[in-house]
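Structure record follows, encoded as structure tokens.
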Amino acid sequence: MTDASLPTTPHRGSLIEVDARTRRRNAAEKRFRLYGLVALGIGLAALVILLTSVLSNGVSAFRQTSLVLEMNLDAAVLDKKGNRDPEEMKKVTTIGYGKLIDKALKEAVAAKGIAIEGLTDKDVANMISKEAAAQVRERVLSNPDLVGETVTVKVLANGRIDGYLKGRVTMQSAERDSNVTPNQLRLADALMAEGLLVKAFNWDFITGPDASELRPEASGLGVAILGSAYMMIIVLILSLPIGVAASIYLEEFAPKNRWTDLIEVNISNLAAVPSIVFGILGLAIFINFAGLPQSAPIVGGLVLTLMTLPRIIIPTRAALGAVPPSIREAALGVGASKMQTIFHHVLPLAMPGILTGMIIGLAQALGETAPLLLIGMVAFVRDFPAAPPEGFFDPAAALPVQVYNWTQRADPGFAERASGAIIVLLVFLLVMNAVAILLRNRFERRW
Amino acid sequence: MASVKFTVSALALAAAATAADARDQLQIAGSSTVLPYSTIVAELFGENFDFPTPVVEGGGSGAGRKKLCEGVGETTIDIANSSSRIKQSDIDLCTTNGVTEIMEVRIGYDGIVFASDINGPEFAFTPADWFSALAAEVVVDGAVVANPNKSWTDIRADLPAQDILAFVPGTKHGTREVFDEKVILAGCEATGAFEAFKTVAGGDEDAAEEKCMALRTDGVSVDIDGDYTETLARVDANKNGIGVFGLSFYQNNTDKLVVATMDGVVPTVEAIAAGDYPVSRPLYFYVKTAHLGVIPGLQEYIDFFVSDDVAGPDGPLAEYGLVSDPELAATQEMVAAGTPMAPLN
């Protein structure tokens, strides 16, 4: 240490006047902040574009157009023998019911004095959804005494008419569209003025099953929501105990040697494996080898469990590791066994972190599509699965796969449904993430 | 091996006892062209019969037939939908896996149409035009050269002046097979290029055919591996493009697409039924006869599918775009009797 190392000349810069080097440094910082702002702006813009496109296309799926009709349930057609036996009445198919509804609408049009030039009987009949006959048939079969009476029915309107009320179909497009005529749209206007055509909240979109290409207006998410819920139950009951037990063992008990190192590396790698790989694995093991049924939530749940496990083990281990050693040492110091230390002191403190990891893992599994495509969850399923546990083995759909499924259909009505389904899926994901954040903020402790 | 199986089964919920007993709903997989028809029938079947609604999956004709041939039993599918006829290799696979008898049911015909953006010009094509537009090599003044055509007017002066751009189904689609055979190959023969290729190949017809069906790779012919909604999106984004669609898809989107005529014939259900429109193909499904009487509702489903109410000219399938089979009565008889298909000839 000599004085020679100290600056001999005084610093020439001034605090008031900024020198060139400082200016450069300040400019660099300013630029960097700007880059950050631009990046943030692009990110936000992408989010806004995504959300507006989904919302503008999908919100209309939550409202649906129906026809309210006075309908005479003609006993001569529906119950020829007149004994009101549901078994006998089942012989009348939806085709028979369809004709009765067509007649009811035609009479209603005539009774209201709606006259439109060039309106054909076929135009009138096509105002009604193909689903309508099934709706009425089901109602009559569950209550055979209705036969012969005149009842008020509320049946779905055709998808194109629904599209007209929602602005998807216009007079111009109807001129060129072979599935709808401008006269039908005029009739729709007239019926709306008479209060026979009404738009209401579409509960069937959330609770009803999927429908075929001929009736986009009847399709719903019920089976898909139930299928996704079943899969999440399976993922939860399998991956919570397995994931937590594996984490506790690895974090607290396992000796540090080459084997545990290898396992750790593998867990980290598995978390990054593309999900489609788990789908191929699931197809080979659970369906082809173990003989489990196709399209069933049990297989989907097992595949998603495999995929979610490493993603749960990693945050769980982090949560356990974040509990300070002083707590363990204190517990051991007063004579607790290792197991008592972990279960009485470490685990409760790590629980918020574990639950957060679990919920985020589940949310990821809920949005997963690729592995489900391989195990037959992409099928057209109309019947609701039974209650668990038998229902785990019944065919079902899944929410993200339903979105994929609907975007492939020809009728433009399904595009609206697909966006609607995305909204439902996003709501579920938002709720799950909100719960995770809530748990973290409410219970997490910092040391 | 047994221990692996045990572990897996144990993992498949320790309560393996709760596993579903006999499967009670039909399982169907295969062609995405037949899929909409299949779901329409499945839906009607479910609401009118006491059986559960069949589960219908897409996946492609080839994949469906392969699944059908995986074996006999509850974990295998009952019916494979197919937009092309079953191949000998499929039948061999079936035989190897113990599926000795299958029933072939032809449900009707499907047209393949060429359509472009509604605001663009209308086209009147012949197969020869398509060959000249899309083939990798064509014959100009007697010499085989790489395809020089840029605009439709290069091919025929009376076609609209629009750059050639075509969205054709990818090779995994059953539709591509029909497109290759009935449009490109037919056009190849019509332009006389087939003979020229044959001469170049030293009289080898197979080599000439292959050359006919080789499409150009300079971005003018774009393979679409997705479904028709993707083709529609591409046509929408690129107004010069002409897409290859199924008739039923076009009929559901007539407000966005204008259809081209082929050999002067407008593709309609009637024109295809009469055999006037040249680009059409039969659609099939294949039934595993060993499952008849075992899986409840299978016989009823196939009877219902081919009934006049469903597959007839006024039925819901025709309404969606299926061209009903004039020989439907014979099919109904065959299905009712459960006659398995004869060996392919």
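Chain identifiers are assigned alphabetically (A, B, ...) following the order of the sequence lines, protein sequences preceding nucleic acid strands; residue numbering begins at 1 within each chain. This structure is a prediction, so every number in the text was calculated from the model and none was measured. Side chains included, hydrogens not; waters and symmetry mates left out as well; all remaining heavy atoms used.
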Next on the checklist: Taking salt bridge (Lys or Arg N to Asp or Glu O under 4.0 Å) as the cut-off, I'd like each qualifying pair that reaches into residues 51-60 of chain B, sequence neighbours left out, listed once.
Outcome noted: B/Glu57-B/Lys67
Checklist entry - Can you say whether A/Arg409 sits under 4.5 Å from chain B via the side chain, the backbone, both, or neither, judging by heavy atoms? => result backbone
Checklist entry - Relative to chain B, which segment of A/Ala211 carries a heavy atom at a distance below 4.5 Å: side chain, backbone, both, or neither? => result both
Item to check | Side chain, backbone, both or neither of A/Glu87 within contact of chain B (heavy atoms, under 4.5 Å) | outcome: side chain
Checklist entry - Should we say atom CZ of B/Phe49 is surrounded by more than 12 heavy atoms from elsewhere, each under 6.0 Å from it? => result yes
Item to check | A/Thr369 side chain near A/Leu372 side chain, heavy-atom distance below 4.5 Å | outcome: no
Item to check | A/Gln402 vs A/Asp210, side chain to side chain donor-acceptor pair (under 3.5 Å): CA-CA, chis, key distance, verdict | outcome: CA-CA 9 Å; A/Gln402 194 69 62; A/Asp210 192 10; 3.3 Å; yes
Checklist entry - In chain order, what residues pass the side-chain hydrogen bond (donor to acceptor under 3.5 Å, both in side chains) check against A/Glu213, with sequence neighbours excluded? => result B/Tyr320
Next on the checklist: Between B/Leu26 and B/Ile295, does the side-chain contact (heavy atoms from CB on, under 4.5 Å) criterion hold? Intermediate values first, please.
Outcome noted: CA-CA 7 Å; B/Leu26 302 180; B/Ile295 305 289; 3.5 Å; yes
Next on the checklist: For a 4.5 angstrom cut-off between non-hydrogen side-chain atoms, does A/Pro144 reach A/Asp79?
Outcome noted: no
Next on the checklist: Quick check on the interface: out of A/Val92, A/Thr93, A/Leu141, who has the most heavy-atom pairs with chain B under 4.5 Å?
Outcome noted: A/Thr93
Next on the checklist: I'd like to know if A/Lys90 and B/Asp50 make a salt bridge, using a cut-off of under 4.0 Å between side-chain N and carboxylate O.
Outcome noted: yes
Next on the checklist: Between A/Lys91, A/Gln172, A/Arg160, A/Glu131, who has the most heavy-atom pairs with chain B when the cutoff is under 4.5 Å?
Outcome noted: A/Arg160
Item to check | Contacts with chain B made by residues 411-419 of chain A (heavy-atom distance under 4.5 Å), listed by residue number | outcome: A/Asp411, A/Pro412
Next on the checklist: Salt bridge or not between A/Lys130 and A/Glu217? Use side-chain N to carboxylate O under 4.0 Å.
Outcome noted: no
Item to check | Contact class of A/Ile95 relative to chain B, heavy atoms under 4.5 angstrom | outcome: side chain
Item to check | residues 298-319 of chain B: residues contacting chain A (heavy atom under 4.5 Å, by number) | outcome: B/Asp309, B/Pro316, B/Glu319
Item to check | Most chain B-contacting option - heavy-atom pairs closer than 4.5 Å, from A/Thr407, A/Thr94, A/Val169 | outcome: A/Thr94
Checklist outcome for this item: Counting heavy-atom pairs under 4.5 angstrom with chain B, the leader among A/Val378, A/Leu373, A/Leu214 is A/Leu214
Checklist entry - Are B/Thr53 and B/Gln25 side-chain neighbours, meaning at least one heavy-atom pair lies under 4.5 Å? => result no
Checklist outcome for this item: When the 4.5 angstrom heavy-atom criterion is applied to B/Gln27 and chain A, the contacting part is side chain
Next on the checklist: Can you tell me which of B/Thr75, B/Asp227, B/Val41, B/Leu44 forms the most heavy-atom pairs within a distance under 4.5 Å of chain A?
Outcome noted: B/Asp227
Checklist entry - Are A/Arg176 and B/Ile118 close enough that some pair of their side-chain heavy atoms sits under 4.5 Å apart? => result yes
Checklist entry - Is there side-chain contact between B/Ile112 and B/Phe245, with heavy atoms separated by less than 4.5 Å? => result no
Checklist entry - Between the side chain of B/Asn81 and the main-chain N/O of B/Leu35, is any donor-acceptor distance below 3.5 Å? => result no
Item to check | Minimum side-chain heavy-atom gap B/Tyr277-B/Thr261 below 4.5 Å | outcome: no
